[in-house]
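All remarks here apply to the structure that follows.
Note that this is a predicted model, so its numbers are computed, not measured.
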Amino acid sequence: MISHPIAGMLSKLTVRRAINLLKLTLSYRHSLFYRKVWMWGMPWAVSLEPNNTCNLRCSECPTGTNELQREKGLMSPDLFGKILAGLPAETFYLNLYFMGEPFLHPGLFEMIGRARSRKIYINLATNGHFLTESAAEATVRSGLDRIVIGLDGSNQEDYASYRKGGDYELVVNGIKNLVKAKRSLHSRRPFIVLQVLLLSTTENRMSGMRDLGRSLGADRVVFKKAQFYHLDMEKSLMPEDPRKRRYSGEDRTEWKFRGKQKNACFRMWHSAVVSWEGKVLPCCFDKDARHVMGDLKEEGFRKIWKGRDYIDFRKKILHDRGAIAMCSNCTEGARFLIRS
């Protein structure tokens, strides 16, 4: 039985998919060299958004702060089936998450089951509030390959400083339920990742969070440098240690993103995001769907992927990426995850 993510993804790799990865890499390198868009492959990874609603009000999440400029809703079973059937055979990684809490979608386990029939590696991210004993068992039985659970603190006070409305003990118990279900069902899936945002409340507790993760039975603990939209409002949450934040600011009053904004972005050549309405977006930083490449309710994925809107957007990335607002806070090319 496979558990490690790399081994799991390699198990989904066919000759056709391996050749496609080579095509994507070569077309990207070719595009960088000639500063002209070439696209010889299809995306190896796609993110589908089951829903964009959430039970929490996290400080720097557009969904939680109710600042998301999109209509809220759930992806219908019919649309999910149509999108899944239309995914390129070269695609072998599916992320069932974009904005929102995926466990709020009543058909989540059915989605996972249908996706597994396509021999696709399936991952999702959750805030962990809905992992009851029955839901944990259903998660394991569904065949989900990997689950990322946000646990930004080692007590209720620290946790709720960012995860507004969150219940620390409920999340911890949910993790325990998931580990228990894996053991009782003799399953090594899903691979459990605890993700900790590096905030002022967690930056000095990394060792303790690693120990907590091990004691709960998680497979891995990762620390993620937090993304901020309201830099003037969230000073209290910004880590003191500059190595643990995405932003620089000598006097802690004016913040600047530390990443290098080059006219390049491999994401535009290897993956795509699909909103709950079926709109194809360039990446996960387009949270408000301001750069719609096409609509899967009206067009096929292959036509959109190699269509004029996508070509023009990639061309802008190659020549003037700084003019695209969402790219200003992007981690492409920057190290923002610290693995344990």
Side-chain angles (χ1 to χ4, degrees), residues 2 5-28 31 37-50 75-98 102 105 107-108 110-125 142-148 189-191 265-286 289 291-307 309-311 313-314 332:
I2 295 168
I6 294 178
M9 283 184 277
L10 286 176
S11 72
K12 312 295 183 184
L13 199 60
T14 62
V15 173
R16 178 174 180 174
R17 288 169 172 177
I19 292 173
N20 180 68
L21 287 175
L22 179 61
K23 286 181 177 179
L24 289 175
T25 302
L26 289 177
S27 56
Y28 177 62
S31 299
V37 177
W38 301 81
M39 178 50 72
W40 299 323
M42 297 301 296
W44 74 273
V46 172
S47 293
L48 296 186
E49 181 182 60
M75 183 176 286
S76 70
D78 288 344
L79 180 57
F80 178 80
K82 181 178 181 179
I83 293 172
L84 190 64
L87 281 182
E90 295 87 344
T91 301
F92 63 95
Y93 184 98
L94 183 65
N95 188 31
L96 280 176
Y97 170 78
F98 177 26
H105 195 295
L108 179 63
E110 181 184 353
M111 287 180 168
I112 296 170
R114 295 172 73 177
R116 280 191 61 76
S117 67
R118 290 287 304 268
K119 295 183 179 179
I120 293 175
Y121 188 89
I122 308 166
N123 171 73
L124 65 78
S142 73
L144 180 69
D145 292 289
R146 181 174 180 265
I147 185 169
V148 180
R189 286 194 298 253
F191 188 87
C265 182
F266 191 33
R267 294 186 191 194
M268 298 304 104
W269 273 258
H270 73 59
S271 60
V273 174
V274 181
S275 71
W276 70 269
E277 314 102 312
K279 296 177 180 178
V280 178
L281 311 176
C283 77
C284 61
F285 279 85
D286 191 11
H291 304 279
V292 178
M293 301 293 106
D295 192 330
L296 289 173
K297 295 192 297 293
E298 302 171 359
E299 301 176 275
F301 201 103
R302 288 180 180 272
K303 183 177 180 181
I304 294 172
W305 180 251
K306 297 192 177 184
D309 288 340
Y310 238 133
I311 291 173
F313 191 82
R314 293 185 184 111
E332 175 72 14

Query raised in the report: Between the main-chain N or O of His291 and the side-chain N or O of Asp286, is there a donor-acceptor pair closer than 3.5 Å?
Result: yes
Report task. Quick one: closest heavy-atom pair of Leu108 and Pro102, and the distance? Result -> CD2-O, 3.7 Å
Requested in this report: Mark yes or no for whether Glu49, through its side chain, and Ser275, through its backbone, hold a donor-acceptor pair below 3.5 Å.
Outcome: no
Requested in this report: With sequence neighbours excluded, tell me which residues meet salt bridge (charged side-chain N to carboxylate O under 4.0 Å, His left out) with Arg114.
Outcome: Glu110
Report task. Give the intermediate values and the outcome of side chain to side chain contact (heavy atoms under 4.5 Å, CB included) for residues Thr25 and Phe266. Result -> CA-CA 8 Å; Thr25 302; Phe266 191 33; 4.1 Å; yes
**Report entry** Check: Leu87 main-chain N/O paired with Arg118 side-chain donor or acceptor under 3.5 Å
**Finding:** yes
**Report entry** Within residues 272-282 or reaching into it, pairs that qualify as salt bridge (Lys or Arg N to Asp or Glu O under 4.0 Å) - sequence neighbours excluded
**Finding:** Arg70-Glu277
Report task. Could you pull out all residues at least two apart from His105 that satisfy ring pair (Phe, Tyr, Trp, His ring centres under 6.0 Å)? Result -> none
Requested in this report: Would you give the length of the straight line joining atom CD1 of Ile83 to atom CG of Asp78, rounded to the nearest 0.5 angstrom?
Outcome: 11.0 Å
Query raised in the report: Can you list the steps and then say if Leu13 with Trp44 is a side chain to side chain contact (heavy atoms under 4.5 Å, CB included)?
Result: CA-CA 10 Å; Leu13 199 60; Trp44 74 273; over 6 Å; no
Report task. Look only at the side chain of Arg314 and the backbone of Trp269, and say whether a donor-acceptor pair between them is shorter than 3.5 Å. Result -> no
**Report entry** OG-CG distance between Ser47 and Leu96, expressed to the nearest 0.5 angstrom
**Finding:** 8.5 Å
Query raised in the report: Which word best sums up how the rings of Tyr93 and Tyr121 line up, parallel for under 30°, tilted for 30 to 60°, or perpendicular for over 60°?
Result: parallel
Query raised in the report: Rounded to the nearest 0.5 Å, how far does CD of Glu299 lie from CD1 of Ile304?
Result: 4.5 Å
Report task. Sequence neighbours left out, what passes salt bridge (charged side-chain N to carboxylate O under 4.0 Å, His left out) with Lys297? Give chain and number order. Result -> Asp295
Requested in this report: Measure across Tyr310 and Leu281 and return the closest heavy-atom pair with its distance rounded to 0.1 Å.
Outcome: OH-O, 3.7 Å
Query raised in the report: Does any pair with a residue in residues 10-19 pass salt bridge (Lys or Arg N to Asp or Glu O under 4.0 Å), and if so which ones, sequence neighbours excluded?
Result: Arg16-Glu90
Report summary line: Sorted by chain and number, sequence neighbours left out, salt bridge (charged side-chain N to carboxylate O under 4.0 Å, His left out) with Asp309 holds for none
Query - Closest non-hydrogen atom pair, Ala272 against Trp305 - result: CB-CZ3, 4.1 Å
Query raised in the report: At what distance, to the nearest 0.5 angstrom, does CD1 of Ile6 lie from OG of Ser11?
Result: 12.0 Å
**Report entry** From Leu144 atom CG to Leu124 atom CG, the distance as rounded to the nearest 0.5 Å
**Finding:** 4.5 Å
Query raised in the report: If you round to the nearest 0.5 Å, how far is OG of Ser142 from CE of Met111?
Result: 12.5 Å
Query - More than 12 heavy atoms from other groups under 6.0 Å of NZ on Lys306 - result: yes
Query raised in the report: Quick one: does Tyr97's side chain get under 4.5 Å of Val148's, heavy atoms only?
Result: no
**Report entry** Closest heavy-atom pair and its distance - Trp38, Ser31
**Finding:** N-OG, 2.9 Å
Query - Minimal non-hydrogen separation, Cys283 against Arg267, with atom names - result: CB-CD, 4.4 Å
Report summary line: Scanning both residues in full, the closest heavy-atom pair of Pro88 with Met42 reads CG-CE, 3.5 Å
Query - N/O donor-acceptor pair under 3.5 Å between Asp145 side chain and Ile122 backbone - result: yes
